[in-house]
Amino acid sequence: MLDINLIREDPEVVRTSMRVRQMDPAPVDAVLALDSERRVLLAQSEKLKAERNAVSKEIGRAKDSAGREARIEAMRSVGDQIAVLDDQLREVDGKLHEAISIIPNIPDPSVPVGPDEHGNVVIRTVGEPRTFDFTPRPHWELGVDLGIINFDQGVKITGSRFYVLSGAGARLQRAIIAFFLDLHIRQGYREQYTPFMVKSETLFGSGQLPKFRDNLYKDHEEDLWMVPTAEVPLTGLHMDEILDEARLPLRYTAYTPCFRREKMSAGRDVRGIKRGHQFDKVEMYIYAKPEESQAEHARMLADAEETCRALGLTYRVVQQCTGDLSFASHITYDLEVWAPGVGEWLEVSSVSNVGDFQARRANIKYRPADGGRTRYLHTLNGSGLGMPRTLIAVMENYQTKEGSIQVPEVLSPWMGGIDRISIP
RNA sequence: GGAGGGAUGGCCGAGUGGCCUAUGGCGCCUGUCUUGAAAACAGGUGUGGGGCAACCCACCGGGGGUUCGAAUCCCUCUCCCUCCGCCA
């Protein structure tokens, strides 16, 4: 959520930011109109309340019943006026909140302007795409032949875009998750195990609601939603808190499954395990002081890159342009790994600094050590790699001519002696 | 699922309709005293909003209501505790 003062004082900055995001800036004008309407009503209501408070105090002190009755009668009508004004105020407040809630974060000035993902900029490529003396096969062939991915069973028990990992495939994914978590712990993040379901308020805090309701799964009778990313519960951990400056930065890591309806991507990436309604992810999350968030962003990006290097994957760092930048983000770098079987760079991580955008929505502040006013802090989030795509990259990069998969050395502690997955 | 009890400032805890619209204590900050510290004493110490300002408004778990006036009375929801039942 943006600061209402910013919208009030410099609406053109906000309009411009929406335009470069390929959005209609009309909500800005709605916010301005509602905001001035609100302030007029608020001033009227508060003036009457001040009067009522003062007179009510006199009534409490008054001894003569005649004076009391006259004042009580006068205040009755003042009370009625206040009720009318407060009803209007409530309505305007609700509309204002709704309008300001759908305005996206302002991109950092360094974010390249572009229409969509085609405007993203490759910052650097690390490693060379692996060469093969045979034609590398896609994971959906390898996985089925090796008996470690079963698409039919996923569809049978749940539906399209679901699959089952079996035997060494399931174990390989678990090994990658455990490896990532342990790596992030060494990098200085504290592991969290959170609920996988959250209430609406929590989703509002991280920015998924109200705008992206259609992409979420919801319990049909309770106020409970399945998390689309660990970023949601991790933002919620300190909702409505004022943290002491000495506690910052707070660095968390969490494994969660992620649930997404993928309504906007119907028909895309239908083959394989690249885009499912359920996938696993290990996330990094940082609460930082504003002046430190840029350095923390660089650190988090380096920590995410380390996961790719440790797995021996060729990757590139891509900066998202304004047209691709997610709703809450101020600046985002993606990590894309090369998958030779499907022949494409797969987005396995997005590392974002959202500034105070989520902190405002979730009401998370900190108290400076010098005792100054409380301030909103900054939050950052980044995947320590999303699972199915990392799994795809590992399978396709480590495949052999015989159709088996060599297990990366770093995963051996979790693989129980399996160093190669072969056709049974 | 049933019955009962709770939720008040950083923490503990008083407050059942006006009498400073939150007593008191702990903690914290400042000052006095002291070579310094402790102790003692005095003062201060929540969040948000509106206003150039003086100041005003709101907030006692959330929401709604009664009243001239609500932390206090009523309704409702959430969460916590105790007991009973059921159960992975």
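Numbered from 1 within each chain, the chains take letters A, B, ... in sequence-line order.
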Protein-nucleotide distance ([X], atom [atom1]; [N], atom [atom2]), rounded to Å:
| X | N | atom1 | atom2 | answer |
| --- | --- | --- | --- | --- |
| A:Asp86 | B:A58 | CG | P | 9 Å |
| A:Leu243 | B:U47 | CG | C1' | 15 Å |
| A:Glu46 | B:C59 | CD | P | 11 Å |
| A:Glu241 | B:G46 | CD | C1' | 16 Å |
| A:Leu89 | B:G49 | CG | C1' | 11 Å |
| A:Asp240 | B:G48 | CG | C1' | 12 Å |
| A:Leu41 | B:G50 | CG | C1' | 13 Å |
| A:Leu224 | B:C79 | CG | P | 10 Å |

- Message: Return whichever of A:Lys365 or A:Arg39 has its heavy-atom-nearest nucleotide of RNA chain B closer to the 5' end.
- Response: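 Whichever sits nearer the 5' end wins; that is A:Lys365.
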- RNA chain B: A:Lys49 or A:Asp35, which has the more 5' nearest nucleotide?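 Nearest nucleotide further toward 5': that of A:Asp35.
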- Taking the same atom, P, in B:A71 and in B:G9, what whole-Å distance lies between them? 15 Å
- Task: Indicate whether any N or O donor in one side chain lies under 3.5 Å from an N or O acceptor in the other, for A:Gln187 and A:His184.
- Result: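 There is such a pair between these side chains.
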- Query: Do you see a donor-acceptor pair shorter than 3.5 Å between the side chains of A:Asp3 and A:Tyr376?
  - Reply: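 No donor-acceptor contact under 3.5 Å links the two side chains.
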Tell me the partner of [N], counting only Watson-Crick (N1-N3 plus N6-O4 or O6-N4) or G-U wobble (N1-O2 and O6-N3) with both under 3.5 Å; none if nothing fits.
| N | value |
| --- | --- |
| B:G17 | none |
| B:A37 | none |
| B:C79 | B:G6 |
| B:G1 | B:C84 |
| B:C59 | B:G46 |
| B:A22 | none |

- Per-nucleotide protein contact string for nucleotides 60-70 of chain B, where B marks a base within reach and S marks sugar-phosphate only (heavy atoms under 4.0 Å, - for neither): ----S---BS-
- Query: Contact class for A:Arg360 vs. all strands (heavy atom < 4.0 Å): base, sugar-phosphate, or nothing?
  - Reply: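 No contact.
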- Query: Which part of the nucleic acid, if any, lies within contact of A:Ala50, taking any heavy atom under 4.0 Å across all strands shown: a base, the sugar-phosphate backbone alone, or nothing?
  - Reply: sugar-phosphate
- Task: Verify the ring-centre separation between A:Phe357 and A:Phe327: is it less than 6.0 angstrom?
- Result: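 Yes, the ring of A:Phe327 comes within the 6.0 Å limit of the ring of A:Phe357, centre to centre.
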Which donor-acceptor pairs under 3.5 Å do the side chains of residues 160-169 of chain A make with protein atoms, sequence neighbours left out?
{"unit_1": "A:Arg161", "atom_1": "NH1", "unit_2": "A:Arg268", "atom_2": "O", "d": "3.3"}
{"unit_1": "A:Arg161", "atom_1": "NH1", "unit_2": "A:Asp269", "atom_2": "O", "d": "3.4"}
{"unit_1": "A:Arg161", "atom_1": "NH1", "unit_2": "A:Arg275", "atom_2": "O", "d": "3.0"}
{"unit_1": "A:Arg161", "atom_1": "NH2", "unit_2": "A:Ser265", "atom_2": "O", "d": "2.9"}
{"unit_1": "A:Arg161", "atom_1": "NH2", "unit_2": "A:Arg268", "atom_2": "O", "d": "2.9"}

Please tabulate, for side-chain N and O atoms in residues 408-420 of chain A, each donor-acceptor pair with protein atoms closer than 3.5 Å (sequence neighbours left out).
{"unit_1": "A:Ser412", "atom_1": "OG", "unit_2": "A:Glu409", "atom_2": "O", "d": "2.9"}
{"unit_1": "A:Arg420", "atom_1": "NH1", "unit_2": "A:Ser404", "atom_2": "OG", "d": "3.0"}
{"unit_1": "A:Arg420", "atom_1": "NH2", "unit_2": "A:Gln406", "atom_2": "OE1", "d": "2.8"}

- Residue pair A:Val348 / A:Tyr315, side-chain heavy-atom distance below 4.5 Å: no
- Please lay out, stage by stage, how A:Arg186 and A:Glu306 fare under the test salt bridge (charged side-chain N to carboxylate O under 4.0 Å, His left out). CA-CA 12 Å; A:Arg186 280 201 301 280; A:Glu306 192 176 345; 6.0 Å; no
- Message: I want to check one thing: is the phosphate of B:G51, taken as OP1 and OP2, less than 4.0 Å away from some side-chain N or O of A:Lys47?
- Response: no
- Query: Counting just side-chain N and O atoms, does A:Thr374 come under 4.0 Å of either OP1 or OP2 of B:G48?
  - Reply: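 Looking at the OP1 and OP2 atoms of B:G48, one of them is under 4.0 Å from a side-chain N or O of A:Thr374.
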- Task: Answer yes when A:Arg90 and A:Asp87 have at least one side-chain N-carboxylate O distance shorter than 4.0 Å, and no when they do not.
- Result: yes
